[in-house]
Number of protein chains: 2
Amino acid sequence: MFAACLPGTPLIQIGGKWTAKIVRCLEGGPRRFSELMVPLGGVTPKVLTETLRAMERDGLVTRTVRGGVPQRVDYALTALGRTLLGPMAACCDWSEAHLPALLDARDAHESTGRPAPS
Amino acid sequence: MFAACLPGTPLIQIGGKWTAKIVRCLEGGPRRFSELMVPLGGVTPKVLTETLRAMERDGLVTRTVRGGVPQRVDYALTALGRTLLGPMAACCDWSEAHLPALLDARDAHESTGRPAPS
DNA sequence: CTGAATCCAAAAGGATACTG
DNA sequence: CAGTATCCTTTTGGATTCAG
């Protein structure tokens, strides 16, 4: 979802489908596994685990196991992870401002360009 | 590569693997099909066509067929497409500043966390 | 030159069930 | 609660070939 679009380098894509939302969910402080599951809306534990592991590997989040009978694990942004908040905000601002226009264009194109796809 | 990460909306991903680089290639003005092929480094015509068609459908680029014996087609950013340059620059700045740190973290994690994956 | 057609491999994401 | 283990579907991107 987040492309490292340096002109001279091969294209690198950072993160998967859920990375952006996870970063925003962690913006306000550490969250538990289940506290991430719910607001993400329908992500499966397998995918959430994979994504969080990848982000941990990349130094974007920390994973803290806090024992106890109902096990508890906290995820939090690292300093590096917080540096993503800036560009992420730029993307969100763009979405709020221009995504409707993009979707309008998409609808319009489907109406004019291909009236009967049957 | 470009996630519309509004908190309340379902996640929408804008563009594919090459969208970011295409936008940057078009930043300086219209480009022809073959002028996009080369700097993108190894994209196949099929994928480039698909990506450009999607961007045209979304109102991000215009496609202008200029006849002639060697056929010529120009692609250019629309006003909407140019609004992407801002957030895109933020992403590129982030990449330049923090991508090395991310890759370092990735290497370090692979060394410490899993010494013998055989 | 531009791009459509076909076929294909890999990866991402998801459903479901089970474990410490 | 916080995952792990399997299996599966869909999507994406690519190689190759052919056409206007």
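Proteins get letters first, then strands, A, B, ... in listed order; numbering begins at 1 in each. Only a predicted model underlies this, so the values are computations on that prediction, with no experimental measurement involved.
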Item checked: Full working for side chain to side chain contact (heavy atoms under 4.5 Å, CB included) between A:Leu48 and A:Phe33 -> CA-CA 9 Å; A:Leu48 181 55; A:Phe33 190 86; 3.9 Å; yes

Notebook entry, point to check: Should B:Leu52 and B:Ile22 count as side-chain neighbours, where that means a heavy-atom distance under 4.5 Å?
Noted result: yes

Next item on the list: Might you work through the side chain to side chain contact (heavy atoms under 4.5 Å, CB included) test for B:Lys17 and B:Val43, ending with a clear yes or no?
Entry: CA-CA 10 Å; B:Lys17 185 174 175 181; B:Val43 67; over 6 Å; no

Short heteroatom pairs, N/O only, protein and nucleotides 14-16 of chain C, under 3.5 Å:
| residue | atom | partner | partner atom | Å |
| --- | --- | --- | --- | --- |
| C:dG14 | OP1 | A:Lys17 | NZ | 3.0 |
| C:dG14 | OP2 | A:Trp18 | NE1 | 2.9 |
| C:dG14 | N7 | A:Lys46 | NZ | 3.1 |
| C:dG14 | O6 | A:Lys46 | NZ | 2.3 |

Notebook entry, point to check: Can you tell me how far the NE2 atom of A:His109 sits from the CG atom of B:Asp58, to the nearest 0.5 Å?
Noted result: 9.5 Å

Next item on the list: Check DNA chain C against residues 54-67 of chain B and give the residues with a non-hydrogen atom under 4.0 Å, in numerical order.
Entry: B:Arg63

Please report, to 0.1 Å, the donor-acceptor pairs under 3.5 Å made by any side chain of residues 64-82 of chain B, with sequence neighbours excluded.
| residue | atom | partner | partner atom | Å |
| --- | --- | --- | --- | --- |
| B:Tyr75 | OH | B:Arg63 | NE | 3.3 |
| B:Thr78 | OG1 | B:Gly59 | O | 2.6 |
| B:Thr78 | OG1 | B:Leu60 | O | 3.2 |
| B:Thr78 | OG1 | B:Leu80 | N | 3.3 |
| B:Thr78 | OG1 | B:Gly81 | N | 3.0 |
| B:Arg82 | NH1 | B:Leu77 | O | 3.2 |

Next item on the list: Hey, could you give me the SG/CD distance between B:Cys91 and B:Glu96, rounded to the nearest 0.5 Å?
Entry: 12.0 Å

Check: How many angstroms lie between atom CG of A:Leu84 and atom NE2 of B:His98, to the nearest 0.5 angstrom?
Finding: 8.0 Å

Margin query: Testing the basics here: between B:Pro87 and B:Thr83, what is the closest heavy-atom pair and its distance to 0.1 Å?
Written below: CD-O, 3.4 Å

Checklist line | Rounded (10°) bend between the five-pair end axes of the helix from C:dC1-D:dG20 to C:dG20-D:dC1 | finding: 50°

Margin query: To the closest 0.5 Å, what do you measure between CG (A:Leu26) and NZ (A:Lys21)?
Written below: 14.0 Å

Margin query: Rounded to whole Å, please give me the gap between CG in B:Leu52 and C1' in C:dT2.
Written below: 11 Å

Notebook entry, point to check: Taking only N and O in the side chain of B:Arg32, is any of them less than 4.0 Å away from OP1 or OP2 of C:dT2?
Noted result: yes

Next item on the list: Round to a whole Å and report the spacing from CG of B:Leu48 to P of C:dA4.
Entry: 11 Å

Check: Can you find a pair of side-chain heavy atoms, one from B:Cys25 and one from B:Leu40, that are under 4.5 Å apart?
Finding: yes

Item checked: Spacing between B:Arg31 atom CZ and C:dT2 atom P, to the nearest angstrom -> 14 Å

Checklist line | 5' precedence on DNA chain D between A:Glu35 and B:Thr51 (nearest-nucleotide basis) | finding: A:Glu35

Notebook entry, point to check: So which pairs with a foot in residues 32-56 of chain A pass side chain to side chain donor-acceptor pair (under 3.5 Å), sequence neighbours left out?
Noted result: none

Margin query: Can you give me the closest heavy-atom contact between B:Leu36 and B:Pro39, atom names plus distance?
Written below: O-CD, 3.3 Å

Checklist line | Terminal contacting nucleotides, 5' and 3', DNA chain D versus chain A (heavy atom, 4.0 Å) | finding: D:dC1 to D:dT6

